Amino acid sequence: MRVLLTGSAGFIGTAIGTALESAGHDVVRVDLMLDKAHGSAEPPPGTHLLDVRDAGTWGPDLLAGVDAVCHQAAVVGAGVTVADLPEYAGHNDLGTAALLAAMHAAGVDRLVLASSMVVYGEGRYTCPEHGEQAPPPRTRAALDAGDFENRCPVCGAALGWAVVDEDARLDPRSSYAASKLAQEHYASAWVRQADASAVALRYHNVYGPGMPRDTPYSGVAAMFRSSLERGERPRVFEDGAQVRDFVHVDDVARANVAALEAVTAERTGRYAAYNVASGHPITIREVAELVGRGIGGGIAPEVTGGYRLGDVRHVVASPERAKAGLGFTAQVHPAAGLETFATAPLRA
């Protein structure tokens with residue numbers, strides 16, 4: 001299969017390209033090499049330096065003979081300031097729309113899209129007395145008082161988390177999250193209008209070799225590691241009990257290979273979204289402790305009690321639909337993967 005891979009030089013794109021070639025596929029690599037993602041790094045050999053926002057001007061040769069597109073190119077991170085909104089809308093929303101239009105013009109009707117857990121906003125919550133509840137946003141007053149839990153809107157009791165499946169309500173709470181959901185909506189509309197097929201993969205917290213270090217767009221595991229390497233205690237927000245799913249980049253790459261093979265084998269007119277997760281929930285404090293254990297030195301994390309408005313409390317994925325629909329199950333347990341990550345090579 002010939003696959004056009006956007007964002008091919010990035011953290012996740014690099015792993016996907018390697019996995020696709022190992023599976024015997026022909027990969028056409030496209031990356032804009034944005035400074036904030038790549039700094040002054042040279043593009044890998046064979047990379048087409050192109051902007052997905054200009055996909056309509058690429059010309060027919062690039063997409064000629066392509067069986068499917070794996071779309072990873074995006075500006076990532078939560079959005080540091082409100083001023084970032086146009087950048088997210090331009091690269092992620094407009095870029096995806098332009099790419100889909102170019103694919104249709106070239107007769108390419110299969111897509112795998114990188115989406116994200118952030119489309120869910122808060123995860124799923126239940127009250128022991130009142131059942132499943134959609135909690136209101138946590139208030140500044142509660143957070144200032146150290147009350148970090150979401151509370152039942154009926155009785156005020158602390159809500160417990162439950163796993164989020166792909167039918168959960170979508171509630172993006174950042175500029176990045178809004179742009180990822182917009183990408184999904186464009187892909188879903190394209191499927192209907194172009195008689196095509198698409199799979200959106202909702203990545204949970206991705207970590208692993210090649211992860212960027214020390215930028216506002218780095219993952220929390222990389223930030224913890226950088227603190228430890230400086231001899232500093234990793235700073236954990238809130239009480240450290242926030243629950244997430246951390247999935248290794250090699251598993252994310254395997255999920256993309258499975259999704260591409262599935263989407264090219266099935267009929268047109270189908271859109272589906274899948275969680276890509278390890279299936280093993282972990283607290284943020286545990287993440288810091290595991291990375292610290294891998295580095296050594298016995299530096300315990302500092303649980304600060306600080307917070308960021310807009311952060312969500314718990315998001316824990318159900319991996320069952322990806323297992324049933326794609327045959328994908330993660331192979332790297334976070335307890336092992338995060339400790340090994342402590343000494344894995346990162347990108348500057």
Side-chain angles (χ1 to χ4, degrees), residues 11-12 15 76-78 116-118 120-123 143 146 148-150 160-164 174 176-177 202-252 255 275-308 310-319 330-347:
F11 163 47
I12 295 174
V76 301
S116 172
M117 58 175 273
V118 296
Y120 296 120
E122 282 283 3
L143 295 168
F148 302 116
E149 296 296 347
N150 284 299
W161 61 264
V163 294
V164 175
S174 70
Y176 173 61
R202 293 173 180 164
Y203 303 156
H204 285 252
N205 295 75
V206 186
Y207 70 97
M211 196 173 189
R213 69 162 76 230
D214 285 341
T215 81
Y217 308 95
S218 297
V220 66
M223 293 179 178
F224 289 159
R225 174 176 153 165
S226 295
S227 295
L228 287 160
E229 288 174 339
R230 294 191 298 267
E232 301 170 0
R233 298 174 67 187
R235 292 173 57 82
V236 177
F237 283 171
E238 301 187 14
D239 57 1
Q242 311 94 304
V243 182
R244 298 288 190 272
D245 188 298
F246 277 72
V247 58
H248 196 277
V249 69
D250 289 346
D251 281 326
V252 173
N275 287 325
V276 176
S278 73
H280 299 282
I282 189 169
T283 68
I284 297 298
R285 178 169 185 160
E286 288 172 325
V287 172
E289 291 170 346
L290 284 165
V291 176
R293 189 180 306 161
I295 288 179
I299 302 178
E302 176 187 359
V303 180
T304 67
Y307 63 86
R308 294 179 300 190
D311 275 3
V312 299
R313 180 63 173 168
H314 307 301
V315 185
V316 181
S318 168
Q331 297 178 12
V332 183
H333 194 293
L338 284 162
E339 192 167 336
T340 302
F341 167 71
T343 53
L346 302 184
R347 67 175 60 198

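We count residues from 1, following the sequence as given. Because the structure is predicted, anything quoted here is derived from the model rather than measured.
Annotation: side-chain hydrogen bond (donor to acceptor under 3.5 Å, both in side chains) contacts of Glu289 (sequence neighbours excluded): Arg285. Taking His204 as the reference, Asn275 meet the side-chain hydrogen bond (donor to acceptor under 3.5 Å, both in side chains) condition, with sequence neighbours excluded. Partners of Ser278 under the side-chain hydrogen bond (donor to acceptor under 3.5 Å, both in side chains) rule, at least two apart in sequence or in another chain, are Asp245.
Taking CE of Met223 as the reference point, atom CZ of Arg235 lies at 12.5 Å (rounded to 0.5 Å). The structure places CD of Glu238 at 6.5 Å from CG of Leu143, a figure rounded to the nearest 0.5 Å. From Asp251, atom CG reaches atom CZ of Phe246 across 14.5 Å, with rounding to the nearest 0.5 Å. In this structure, CG in Asp311 is found 9.5 Å from CD in Glu122, a value given to the nearest 0.5 Å. Rounding to the nearest 0.5 Å places CZ of Phe341 at 12.0 Å from CG of Leu290. Residue Arg244 holds its CZ atom at 10.5 Å from OG1 of Thr283, rounded to the nearest 0.5 Å.
Residues Ser174 and Ala177 share a closest heavy-atom pair of OG-N, 3.0 Å. The nearest pair of heavy atoms linking Gly208 to Leu346 is O-CD2, 4.3 Å. Taking all atoms of both residues into account, the shortest heavy-atom contact from Gly294 to Thr343 is O-CG2, 4.1 Å. When all heavy atoms are compared, the tightest approach of Pro234 to Ser227 is CA-CB, 4.0 Å. Of all heavy-atom pairs spanning Val249 and Ala15, the tightest one is CG2-CB, 3.7 Å.
Looking only at side-chain heavy atoms (C-beta outward), Val291 and Leu228 come within less than 4.5 Å of each other. You'll find the side chain of Leu338 reaches within 4.5 Å of the side chain of Ile282, heavy atoms only. Counting heavy atoms from C-beta on, the side chains of Val287 and Phe224 come closer than 4.5 Å.
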Next item on the list: Report the C-alpha separation of Val315 and Trp161 in whole Å, then their side-chain angles, then the decisive distance to 0.1 Å, and conclude whether the side-chain contact (heavy atoms from CB on, under 4.5 Å) test is met.
Entry: CA-CA 8 Å; Val315 185; Trp161 61 264; over 6 Å; no
- Query: Are Val76 and Tyr176 close enough, and set up right, to give a side-chain contact (heavy atoms from CB on, under 4.5 Å), and what steps lead you there?
  - Reply: CA-CA 7 Å; Val76 301; Tyr176 173 61; 4.1 Å; yes
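Glu229 and Ser226 are not linked by any side-chain donor-acceptor pair at a separation below 3.5 angstrom, with hydrogens and angles left out of the test.
Between the side chain of Arg225 and the backbone N or O of Ala344 there is at least one donor-acceptor pair closer than 3.5 Å. Gln242 places a side-chain N or O within 3.5 Å of a backbone atom of Gly240 that can act as its donor or acceptor partner. Proximity of a side-chain donor or acceptor of His280 to a complementary backbone N or O of His333 within less than 3.5 Å is not detected. Using modelled atom types, no side-chain atom of Asp239 and backbone atom of Phe148 make a donor-acceptor pair closer than 3.5 Å. Judged by distance alone, with hydrogens and angles left aside, the side-chain atoms of Glu339 form no donor-acceptor pair with the main-chain N or O of Ala336 at under 3.5 Å.
Taking the six-membered ring where the residue is Trp, His248 and Tyr207 present perpendicular rings, their angle passing 60° and hence far from 30°.
A cation-pi arrangement is absent between Arg347 and Phe11, since the terminal nitrogen or guanidinium carbon is not both under 6.0 Å from the aromatic centre and inside a 45° cone about the axis.
A salt bridge links Glu149 with Arg313; the closest basic N to acidic carboxylate O contact falls under 4.0 Å.
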